[in-house]
Amino acid sequence: MANQAFQTPKGTKDVLPPESARWEALITTFASVVERAGYGLVHGPMFEDIGVFRRMGEGTDVVRKEMYDFHDKGGRHVALRPEGTASIVRAFVQHRPVVPWKVWYATPVFRYEEPQSGRLRQHHQLGVEALGSDDPDLDVEVIVLLHDYFAALGLRQVDLVINSMGTPQDRKAYAEAVRSFLRHRLGDLSPEDREKVEAHPLRVLDSKRPESQAVTAEAPRMLDLLSDAAIAQFERVQAGLASAGIEFTVDPRLVRGLDYYTHTTFEFRSQALDAAQNTIGAGGRYDGLVESLGGPPTPGVGFGSGIERVLLSCDAEAVFAVQPRAVQVFVCDLTGGDAARDLTTELRRAGIAADRAFGARSLKAQMKAADRSGAKLAVLVGPDELARGVVTLRDLQSSEQTTVDRAELMVRVERYRGGASVAGLGGGAAPS
RNA sequence: GUGGCCGUAGCUCAGGCGGUUAGAGCACCAGGUUGUGGCCCUGGAGGUCGGGGGUUCGAGUCCCCUCGGCCACCCCA
């Protein structure tokens, strides 16, 4: 292991320029979609008392085996967030904001898993949570936001699947119904699924194993057991989606991995992703979660969407290409560096994006750097300009060049940005 | 956690059966133009062949271990 260079921990990635420009644009797009709907940004700790996350469901894989948990130096048992919702709910319980409380977040999330395409140990989620109303129109609002975010990115090959888990009582009764049904068909299930029957009967429903699917096809259907109130709720959601012009399919076997969901659950899947991980955004209603974290009975609904997977989908559909923001002006200095140092500062303070080369390189090298920077305009200062109190402006696309008084530089650059050509900047001097 | 494939310069890749100083393209740097980019030409820098151990006269090439990547299961964003 001698001299083995450090690298990102397994299942994590660095996001560097120019790719990071895409992340910025993605988050900006998301923010504009949800803030338009009245959602405010929440920042919070990346780790919580482990109890906060255990409320996601003691039987879930995320809680049982994927949490990055540890004891800190004070003996507190804490965990890195494995998802966004529980922390938001904890914040709600702690601060008791007025309802409806509509917030959004952008956060890394951590799960100890075997990495593969679209699955990392640290990935990043954008999400919203809306607490304090059980109005199904809020479910619709949240789903529409996620849909419109994908649309804003240019994604087209996205399918929406929805289901209802009913009230907490419905969910419990249904789990019992499925369990007793499966008990009689144990022999027909795949061995792996057999073990889930007692602890986690609903998980068997979305098993991909053919033999299990044959069994679950005949299992009691959630939608047949829903209470009247839950059915009304679910129908209102469907009507709202239809009214928003959003296509969806109802899949009675859609069971999400976290136990807190009640009523509406939904998943957006990218058809452009052939990987096993094609869910790019998912969520649902969680009417019992606030209470289980010590708050007053408060309904809630929200979703999370993985940035990495969404970007993978964008790649697959060849949409949402983002150009990194280039500087506008590049200063080349042959006088020892004073001009580069002072002019870039002056330009930047005037609100103009400017860059320069360092280390007293040849003009050729500096021009090359100017070209690479993407700047439209180069400012050249050599001994000649210095002596005359002028600077040379060069349009890097047309190669037009002129000289202007140094004192006039800011005005000239502003005029150039306003659309004037370099030649028209009228310093009077001929190109040298 | 289980199984399969893979790991050579910053990037994409060559390196027949193990055999002398490990190559190319792109990118980077310098020169060709005593003060000028994008094209072209020339040159340069950059690698303990993921890491460790073993077999052998000799290993990038074979074996073992390990780390990492990809894929499937599982799970999920």
Side-chain angles (χ1 to χ4, degrees), chain A residues 1-13 16 56 59-66 81-85 106-127 146 190-193 195-196 200 203 206-209 254-258 267-270 273-283 303-313 330 332-335 357 359 361-386 392-401 403 431-432:
Chain A
M1 275 296 194
N3 267 349
Q4 176 70 310
F6 291 117
Q7 50 186 321
T8 51
K10 179 170 178 165
T12 66
K13 281 187 158 68
L16 311 175
M56 293 183 296
T60 64
D61 279 13
V62 170
V63 169
R64 271 168 42 223
K65 46 188 190 188
E66 294 175 0
R81 10 171 100 149
E83 59 113 47
T85 303
T107 182
V109 310
F110 307 86
R111 293 179 198 167
Y112 194 85
E113 303 189 89
E114 276 311 299
Q116 62 192 71
S117 171
R119 197 171 76 182
L120 297 160
R121 289 189 172 179
Q122 177 182 338
H123 76 277
H124 301 78
Q125 287 192 15
L126 298 172
L146 187 50
S190 75
E192 297 86 345
D193 289 327
E195 301 173 7
K196 298 181 195 161
H200 236 355
R203 291 237 58 85
D206 58 5
S207 169
K208 288 180 211 150
R209 299 171 206 286
L254 174 67
V255 175
R256 309 244 347 113
L258 306 174
E267 247 183 55
F268 283 86
R269 296 171 187 157
S270 167
L273 249 35
D274 48 2
Q277 288 75 225
N278 66 352
T279 300
I280 56 175
F303 65 74
S305 173
I307 292 179
E308 288 86 348
R309 280 193 199 172
V310 168
L311 253 14
L312 246 33
S313 308
F330 198 96
C332 300
D333 181 342
L334 290 172
T335 67
R361 308 223 279 146
S362 70
L363 183 57
K364 178 174 179 165
Q366 293 188 53
M367 285 299 293
K368 198 169 179 183
D371 189 46
R372 199 160 37 213
S373 78
K376 298 276 191 296
L377 193 64
V379 174
L380 278 64
V381 183
D384 189 33
E385 286 85 352
L386 191 62
T392 296
L393 296 183
R394 181 181 178 85
D395 184 311
L396 288 170
Q397 284 169 328
S398 68
S399 296
E400 286 181 294
Q401 207 164 290
T403 60
S432 47

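Chain naming here is simple, since letters A, B, ... match the order of the sequence lines and numbering starts at 1 in each. Just so we're clear, the structure is a prediction, and the values are computed from it rather than from any experiment.
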Worked check of side-chain contact (heavy atoms from CB on, under 4.5 Å) between A:Leu334 and A:Val381:
CA-CA 6 Å; A:Leu334 290 172; A:Val381 183; over 6 Å; no

Determine, step by step, whether A:Cys332 and A:Val379 satisfy the side-chain contact (heavy atoms from CB on, under 4.5 Å) criterion, reporting the C-alpha distance in whole Å, the side-chain angles of both residues, the deciding distance to 0.1 Å, and the verdict.
CA-CA 6 Å; A:Cys332 300; A:Val379 174; over 6 Å; no

Intermediate values then yes/no, salt bridge (Lys or Arg N to Asp or Glu O under 4.0 Å), A:Lys10 and A:Glu113:
CA-CA 10 Å; A:Lys10 179 170 178 165; A:Glu113 303 189 89; over 6 Å; no

Evaluate side-chain contact (heavy atoms from CB on, under 4.5 Å) for A:Gln125 paired with A:Ser305, printing each intermediate quantity in order.
CA-CA 5 Å; A:Gln125 287 192 15; A:Ser305 173; over 6 Å; no

Using the rule given for side-chain contact (heavy atoms from CB on, under 4.5 Å), can you reason through A:His124 versus A:Thr107, listing the C-alpha separation, both sets of side-chain angles and the distance that settles it, and then say yes or no?
CA-CA 6 Å; A:His124 301 78; A:Thr107 182; over 6 Å; no

Evaluate the criterion salt bridge (Lys or Arg N to Asp or Glu O under 4.0 Å) for residue pair A:Glu66 and A:Arg121; output intermediate values, then yes/no.
CA-CA 9 Å; A:Glu66 294 175 0; A:Arg121 289 189 172 179; over 6 Å; no

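One P atom belongs to B:G7, the other to B:C64, and the distance between them is 15 Å to the nearest Å. B:G47 and B:G31 are spaced 26 Å apart, taking the C1' atom of each and rounding to whole Å. The same atom, C1', is picked in B:C13 and in B:G52; the two are 27 Å apart, to the nearest Å. The separation of B:C63 from B:A59, taken at their P atoms, amounts to 15 Å, rounded to a whole angstrom. When the C1' atom is compared between B:C41 and B:U20, the two are found 33 Å apart, to the nearest whole Å. For the C1' atoms, the distance linking B:G51 with B:G69 amounts to 15 Å, nearest Å.
Residue contacts shown for A:Ile307 are absent, as no nucleic acid heavy atom lies under 4.0 Å away. Looking at heavy-atom distances under 4.0 Å, A:Ile280 makes contact with sugar-phosphate atoms alone, never a base. A:Gly118 comes within 4.0 angstrom of a nucleotide base, judged by non-hydrogen atoms across all strands. Residue-level contact check: A:Glu83 touches neither bases nor backbone, having no heavy atom under 4.0 Å from any strand. Using a 4.0 Å heavy-atom cutoff across all strands shown, A:Thr8 reaches no nucleic acid atom at all. Using a 4.0 Å heavy-atom criterion, one finds that A:Gly374 contacts no nucleic acid atom at all.
Put simply, CG on A:Leu273 and CD1 on A:Ile280 are 7.5 Å apart, with the number rounded to the nearest 0.5 Å.
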Which dot-bracket string describes RNA chain B (Watson-Crick N1-N3 plus N6-O4 or O6-N4, or G-U N1-O2 and O6-N3, all under 3.5 Å; [ ] crossing; | other strand)?
(((((((..((((.....[...)))).(((((.......))))).....(((((..]....))))))))))))....

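At a cut-off of 3.5 angstrom, the base of B:C74 holds at least one donor-acceptor pair with the side chain of A:Arg119. Side-chain N/O atoms of A:Glu114 and base N/O atoms of B:U2 include no donor-acceptor pair closer than 3.5 Å. The base of B:G38 lies outside donor-acceptor range of the side chain of A:Asp371, with no N or O pair under 3.5 Å. A:Glu385 contributes a side-chain N or O that forms a donor-acceptor pair with the base of B:G35 under 3.5 Å.
With hydrogens and angles ignored, the 3.5 Å screen pairs no side-chain donor or acceptor of A:Gln277 with any backbone N or O of A:Arg309.
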N/O-N/O pairs, protein side and nucleotides 5-13 of chain B side, under 3.5 Å:
none

Polar-atom pairs under 3.5 Å, protein N or O versus N or O of nucleotides 43-46 of chain B: list them with distances, or write none.
none

Every protein N/O lying under 3.5 Å from an N/O of nucleotides 26-32 of chain B:
residue	atom	partner	partner atom	Å
B:C28	OP1	A:Arg372	NH1	2.3
B:C29	OP1	A:Arg361	NH2	3.2
B:C29	OP1	A:Arg372	NH2	3.2
B:C29	O3'	A:Arg361	NH1	3.3
B:A30	OP1	A:Arg361	NH1	3.0
B:A30	OP2	A:Arg361	NH1	3.4
B:G32	N7	A:Lys364	NZ	3.0
B:G32	O6	A:Lys364	NZ	3.0

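A heavy-atom distance below 4.5 Å is found between the side chains of A:Leu380 and A:Met367. Using a 4.5 Å heavy-atom threshold, the side chains of A:Thr403 and A:Leu393 count as separate. Residues A:Leu120 and A:Thr12 are not in side-chain contact: their nearest non-hydrogen atoms beyond the backbone lie 4.5 Å or more apart.
Checked against A:Arg111 for a side chain to side chain contact (heavy atoms under 4.5 Å, CB included), the options A:Glu83, A:Arg119, A:Gln122 give a single hit: A:Glu83.
At the phosphate of B:C75, neither OP1 nor OP2 sits under 4.0 Å from any side-chain N or O atom of A:Arg121. Applying the 4.0 Å criterion to OP1 and OP2 of B:C67, one finds that A:Gln7 has every side-chain N and O outside that range. In this structure, A:Lys376 does not reach the B:G37 phosphate: none of its side-chain N or O atoms is under 4.0 Å from OP1 or OP2.
At whole-Å resolution of the value, NZ in A:Lys65 and P in B:C73 are 15 Å apart. Atoms CG (A:Leu396) and C1' (B:U36) sit 10 Å apart, rounded to a whole Å. Rounding to whole angstrom units, CZ of residue A:Arg203 and C1' of B:C75 are separated by 8 Å. A:Asp333 has its CG atom 15 Å from the P atom of B:U36, to the nearest Å. A:Phe330 places its CZ atom 16 Å from the C1' atom of B:G35, with the value rounded to the nearest Å. Between the CD atom of A:Gln277 and the P atom of B:A72 there is a distance of 6 Å, rounded to whole Å. Whole-Å rounding puts the A:Lys13 NZ to B:G69 C1' distance at 9 Å. Taking atom CG of A:Leu273 as the reference point, atom P of B:C76 lies 18 Å away to the nearest angstrom.
With sequence neighbours excluded, the residues forming a side-chain contact (heavy atoms from CB on, under 4.5 Å) with A:Glu267 are A:Leu254, A:Arg256, A:Arg269, A:Thr279, A:Ala282, listed by chain and number. Scanning for ring pair (Phe, Tyr, Trp, His ring centres under 6.0 Å) contacts around A:Phe268 gives A:Phe150, with sequence neighbours left out.
There is no side-chain donor-acceptor pair under 3.5 Å between A:Gln366 and A:Arg361. Remark: the A:Glu385 side chain and the A:Thr392 side chain contain an N/O donor-acceptor pair separated by less than 3.5 Å.
A cation-pi geometry, defined here as NZ or CZ lying under 6.0 Å from the six-membered ring centre and within 45° of its normal, does not hold between A:Arg81 and A:Phe110.
In terms of position along RNA chain B, the nucleotide closest to A:Tyr112 lies nearer the 5' end than the nucleotide closest to the other residue of the pair A:Ala375 and A:Tyr112. Residue order along RNA chain B, read from the 5' end via each residue's closest nucleotide, puts A:Thr12 first among A:Thr12 and A:Leu120.
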